[in-house]
Amino acid sequence: MKSLVVALLALVMAGANGQMLVYPKLTYQQLMNLNYGPESCPYIDRIVNYLETQQIYWNVFNVPPEMLNNSDRLVNLRIRAIIWGLRVDCSNPDRYKK
Amino acid sequence: MKKIATLGLCLLALNASADCYLHSNIRMTRQNIVAGPTDFRRIATPDASGSHCVVSYRVYIGNSWRNAEGSASAKTESEACMRARDIGRGHVLAEVEPTQVSADMQMVCSDAPEIQIHPVRVGDVIWESETDLHTMPAERPYFAYKGTRCRYFTEQASRDNNLITYQGVICKIDSTPDSKWSVVDKF
């Protein structure tokens, strides 16, 4: 199961050679399997840009969730949840520590 | 004509009626408050000692937001209102049916718009307790984002006979206790 997890940072860095990046569109399954860790924090702006590009590909960027059909809503939910997870975790590293 | 006038007066009376609550026996402690106190609204009036302040606010107890109220007197308005915010002085307010009212009950009535949970949209400016807490307790604490205090919220909706849970983020507009919140994302 763990092999299904796609490291988000690896995807974003794969094309990072200083040129304009054209990211491929991820499939529904690839989006659901995306994962990230604290090593992503220094690259958060690039990752957010990558994820918002995926939202554009899926036609869900800046669309109220009430306007989306269920599968698009889940795609949007997954992407926005990762973006906010990164923002929260990177700005509040002690949030989940007991 | 007389009937129409009577009906009009009845409707006017219904619209003018205030929401009334009883001071409940529920004691507020830091242990039983899941979130808040928040959404402070205050009314200060002069009294013999200087100023009397009544502060109404919202606390999340059990699994819902509740109205609460505290009051205090002091030499200055700011001191009185600061004391009134102390939850040790507060009472949770319980909704009351007019038929249950008796003469010795201590009631609180207000014409101010009632704060309650409702569907929100990105950009709305709201009271914090107009949204529900996140369903997962681990996601309930506040977090910092771009120098402001934020939290996740969830919103239940029904679509095609299915229950949908939207999530979102609200952030406090400024750092004052009376500040409202802005809906910054919903997904």
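Naming convention: chains lettered A, B, ... in sequence-line order (proteins, then strands); numbering from 1 in each chain.
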*For B:R159, is it the side chain, the backbone, both or neither that has a heavy atom under 4.5 Å from a heavy atom of chain A?*
side chain
*Is it the side chain or the backbone of A:R73 that comes within 4.5 Å of chain B heavy atoms, both, or neither?*
side chain
*Does any heavy atom of chain B fall under 4.5 Å from the side chain of A:I79, the backbone, both, or neither of them?*
neither
_When you group the ILVMFWY residues by side-chain heavy-atom contacts below 4.5 Å and let the links chain together, are B:I115 and B:Y57 in the same group?_
no
*For chain B, find its close neighbours in residues 50-67 of chain A: heavy-atom separation under 4.5 Å, sorted by number, or none.*
A:P65, A:E66
*Tell me whether A:Y23 is reachable from A:I47 by hopping between hydrophobic residues (I, L, V, M, F, W, Y) whose side-chain heavy atoms are closer than 4.5 Å.*
yes
_Hphob cluster co-occupancy, B:Y60 + B:Y142, side-chain heavy atoms under 4.5 angstrom_ = no
_Qualifying salt bridge (Lys or Arg N to Asp or Glu O under 4.0 Å) pairs with a residue from residues 129-141 of chain B, counting only residues at least two apart or across chains_ = A:R95-B:E139
*Contact part of B:Y152 toward chain A, heavy-atom cut-off under 4.5 Å: side chain, backbone, both or neither?*
side chain
*Could you tell me whether a side-chain N or O of A:N92 sits under 3.5 Å from a main-chain N or O of B:A144, the two making a donor and an acceptor?*
yes
*Of all heavy-atom pairs between A:L77 and B:Q167, which one has the smallest distance, and what is that distance?*
CD1-NE2, 3.8 Å
*asked:* Please confirm whether the ring centroid of A:W84 lies under 6.0 Å from the ring centroid of B:Y145.
replied: yes
*Side-chain contact, heavy-atom cut-off 4.5 Å: A:R87 with B:F143?*
no
*Give, for atom CG of A:N70 and atom CG of B:D160, the distance between the pair rounded to the nearest 0.5 Å.*
8.5 Å
*Pick one of side chain, backbone, both or neither for B:V169, based on which atoms fall under 4.5 Å of a heavy atom in chain A.*
side chain
*Given the rule that I, L, V, M, F, W and Y join up when any side-chain heavy atoms are under 4.5 Å apart, are B:I126 and B:F40 in one cluster?*
no
*Would you say A:V75 and A:L86 are hydrophobically clustered, going by side-chain heavy atoms of ILVMFWY under 4.5 Å?*
yes
